[in-house]
Student: 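To start, I am sharing the structure in question, which I have written as structure tokens.
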Amino acid sequence: MTAHDTLFDIEDERDKPNEPRAVRATRTPGGLFADVVFDRPLDHAYTYAVPAELVAKIGVGKRVEVPFGKGGKATAGFCVRVTDDEPTSGYEIKTVTRVLDDDAIVDEHLMKLTRWMADYYLCGWGQVLHAVVPAGVRDNAGTRMASFVEPVPRESLPNPLPTVTPQQKAALDKLKKENRPLEILQLARLAKCTAGVVSGLIKKGLVRKFSERIETEASGAHESAESENAQGTDEARKEIELNADQLRVWKPIGEALAAGGYHPFLLHGVTGSGKTEVYLRAIEEVVKQGKEVVVLVPEISLTPQTISRFQGRCGNLAVMHSHLTDAERGGYWRRIATGHIHVVVGARSAVFAPTRKLGLIIIDEEHENSFKQESTPRYHARDVAVMRARLEGIPILMGSATPSLESWANAEKGNYTVLSMPNRVASRPMPAVKVVDLRHEPKAPGKPGAIGPTLEAAMRQTLKDKGQIILLLNRRGFSTHVHCEACGYVAQCANCDLAMTFHRTKNSLMCHYCGFETAPFQKCPTCAQPSMRYQGLGTEKLQVEIEEKFPGSVCQRMDSDTMSKPGSHQRVLDAFRDGLIQILVGTQMIAKGLDFPNVTLVGVVNADVGLHLPDFRSAERTFQLLAQVAGRAGRGTRGGQVLVQTFTPEHPCITLASHHNYNEFAKMELVHRKLHKYPPYERMARMIVRSEKEEAAAAFADVLATAFKEAIRRAMSTGRPSPEAPVRLLGPAECPVFRLNNFYRFHFQLQSDSSAVLHEVLRNVLALAKPPHGVEFQVDIDPYSML
DNA sequence: AGCACGCCGACT
DNA sequence: GTCGGCGTGCTC
């Protein structure tokens with residue numbers, strides 16, 4: 001299912017995408033030609049002639065401006081190949097107008113990687129390059145052109161020497177003393193003269209003027225980029241001492257780093273087993289070798305705590321997070337490309353960091369769904385990282401307490417080396433997990449709430465013992481279901497087929513998919529009765545219940561509603577660490593990565609949220625969430641316990657998570673996946689047809705169905721190894737959320753055990769069936785979202 | 001993606 | 001008789 005098996009599969013296709021269509025003749029002396037790709041869904045490159053004056057400037061990995069399209073409009077594209085083979089085209093060959101970059105902004109390795117992505121994810125190479133290179137790099141944000149002067153070397157001085165004025169003499173002396181090029185204004189300031197004096201020197205041929213692009217002083221990249229060793233916290237400066245488990249897993253990693261070459265590791269370590277120390281040890285080693293490391297973490301983990309652990313022992317660190325300005329991002333990119341950065345920590349897109357000598361890629365929380373990009377190119381950063389490691393011939397270290405089944409299956413096949421850390425550090429036990437059956441939970445006296453008597457008693461005891469509590473409820477808002485008792489009307493988004501959630505703080509009804517917001521109503525909009533009922537539980541209501549039940553304690557909510565401002569995340573976590581907050585309630589945001597030794601109780605308010613979604617991964621997601629949140633308890637010396645409230649206590653993903661039994665869960669779920677021919681045993685593509693006009697979407701879905709059947713028939717008749725059903729098509733069917741953001745959506749699923757066959761079918765269909773106006777056709781390879 | 005060429009309805 | 005609707009296909 002990962003990139004692992006696929007690169008060479010794809011290469012074996014007959015129609016090579018991304019090659020120019022015209023067949024090239026043998027080389028003819030004289031001309032130079034450039035293949036160019038554009039930020040458009042085009043499946044091949046376009047060949048342009050390079051004029052003599054640009055021959056020295058042109059290069060692979062630089063952007064060029066060329067006339068493109070019917071009107072020959074000036075368009076920017078990426079040069080992906082330079083050759084002197086003349087194309088034997090029937091086309092008129094147009095000419096490159098301009099080379100936009102002085103230096104290549106994409107190196108050879110990234111060129112190959114993006115080409116693979118275009119082929120694998122079925123989009124334009126130019127689209128991939130456009131997505132990979134940050135805007136701040138394309139438009140040189142945070143830099144400016146500057147004019148420098150330097151003394152003319154002795155042998156090139158004019159003869160006879162011109163006379164100079166006293167001010168000119170002073171300026172020249174100053175420049176010679178500095179022994180480096182200075183900006184004209186800089187020199188004028190130092191020599192206490194005007195720029196006119198300097199131009200006089202230029203005119204007389206005593207100094208030489210040249211321009212160069214430099215970073216703007218205010219570009220901001222400097223302060224944060226160069227967080228060098230001095231900045232390390234006390235914790236960071238400590239020597240890393242690995243325990244026995246950590247040393248055991250470190251050994252093969254160290255050997256792979258010493259030997260070099262592609263080597264994928266899956267580090268399976270339970271929560272609290274100290275995976276980070278292993279990462280840090282590996283980083284130190286690679287930096288010592290003079291190479292760079294890319295560390296991918298889920299966006300949500302990019303907190304100062306995480307970052308401070310990396311700071312201080314890894315040379316220069318670049319942290320790429322979503323709040324950077326274009327100029328900052330551009331600054332980092334340039335610093336990475338020029339070798340000034342040794343470690344890059346970032347979310348998904350950091351997998352494209354333009355390092356010079358990459359020595360290792362680390363992916364923390366390898367199983368996280370946020371590594372999958374949900375817009376074109378719809379890549380999975382883990383799979384791209386594996387492919388990058390393979391292309392560059394380096395080790396890759398994927399870590400998780402709950403590995404994705406894709407990675408687990410790869411490990412079982414022998415594609416990845418598994419390294420296990422089954423114990424917590426300092427021999428701390430895994431927390432005891434108690435499953436509370438909500439069907440048999442006695443009704444609490446007073447008004448019923450979300451917190452049953454068992455959980456409430458445990459919370460009281462924990463507060464009495466001065467412990468801290470984390471409560472998970474994976475649903476935002478106050479009431480998740482707003483309906484009329486008289487006529488049955490349900491408040492629904494105006495743009496989507498989804499129920500609205502009431503948010504009390506904002507006093508509005510919100511759609512969690514498209515963001516539509518509307519005022520809440522007292523009277524039913526259909527029957528005008530004052531019989532609206534606000535039901536269903538979200539984090540907002542839970543917080544109110546906690547505040548009523550535990551008036552003496554401070555409860556803080558953490559979800560995307562309360563954490564929208566930058567820094568708020570950090571403020572809350574600091575306050576929690578300092579003991580100013582006793583109860584932290586939130587969505588999955590609080591389930592992952594938090595390390596607070598005083599948390600002795602974790603409560604899961606409703607483990608069944610998300611368990612019954614129409615998605616083949618819902619059991620895996622639920623198991624991961626439960627296992628991860630359980631791991632927040634008992635990380636200190638005081639131990640800890642976990643209470644899981646559920647209506648389905650017998651469900652295996654709940655029982656196995658309560659026993660911290662990942663291996664058994666994986667075994668069971670993989671049997672299920674195999675039986676139903678789901679990934680990782682079969683490759684999957686999901687296609688969505690969407691239109692604002694329902695009939696138009698439905699009509700094109702039918703056209704596609706025919707096209708698919710034809711393409712599948714053809715693929716099967718090419719004599720490929722095709723046992724009974726090499727490719728299966730499901731659909732068209734309405735998406736589980738049929739109308740989203742005013743678009744009516746139909747989807748298909750295409751499954752096959754061969755990625756090559758899957759791609760062949762898709763390529764044929766894409767070439768065959770073009771959507772009409774107002775209809776879009778999206779292809780998602782290895783989909784994660786099935787709604 | 002844009003943009004032009006191309007065949008069927010309401011206007012001077 | 002023309003202006004213009006957007007359907008379809010191409011861009012080196």
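Just so it is clear: chains get the letters A, B, ... in the order the sequence lines come, proteins before strands, and each one is counted from 1.
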Student: To the nearest Å, how far apart are A/Lys70 NZ and B/dC5 C1'?
Tutor: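 One finds 7 Å between C1' of B/dC5 and NZ of A/Lys70, rounded.
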Student: Please find the earliest and latest nucleotides of DNA chain C, in the 5' to 3' direction, that have an atom within less than 4.0 Å of any heavy atom of chain A.
Tutor: C/dT8 to C/dC12
Student: Indicate, with a heavy-atom threshold strictly under 4.0 Å, whether A/Tyr48 touches base, sugar-phosphate, or nothing.
Tutor: sugar-phosphate
Student: Would you call the rings of A/His321 and A/His323 parallel, tilted or perpendicular if under 30° counts as parallel and over 60° as perpendicular?
Tutor: tilted
Student: Run the numbers on A/Val765 and A/Met687 for side-chain contact (heavy atoms from CB on, under 4.5 Å), then give the verdict.
Tutor: CA-CA 11 Å; A/Val765 169; A/Met687 290 72 66; over 6 Å; no
Student: Starting at CD of A/Gln127 and ending at C1' of B/dA1, how long is that distance when rounded to a whole Å?
Tutor: 8 Å
Student: When you match A/Pro771 and A/Thr47 each to their closest nucleotide on DNA chain C, which lands nearer the 5' end?
Tutor: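 With A/Pro771 and A/Thr47 compared, the 5'-side residue is A/Pro771.
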Student: Indicate whether the side chain of A/Asp497 and that of A/Tyr513 have a donor and an acceptor atom separated by less than 3.5 Å.
Tutor: no
Student: Using a heavy-atom cut-off of 4.0 Å across all strands, would you classify A/Pro67 as base, sugar-phosphate, or nothing?
Tutor: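 Sugar-phosphate only.
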Student: Please state whether the rings of A/Phe777 and A/Phe700 are parallel, tilted or perpendicular, taking 30° and 60° as the class boundaries.
Tutor: perpendicular
Student: Please state whether the rings of A/Phe748 and A/Phe708 are parallel, tilted or perpendicular, taking 30° and 60° as the class boundaries.
Tutor: tilted
Student: For the atom pair CG (A/Leu42) and SG (A/Cys123), what is the distance rounded to the nearest 0.5 Å?
Tutor: 11.0 Å
Student: Closer than 4.0 Å, any side-chain N/O of A/Lys73 to the OP1 or OP2 of B/dC3?
Tutor: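 Looking at the OP1 and OP2 atoms of B/dC3, one of them is under 4.0 Å from a side-chain N or O of A/Lys73.
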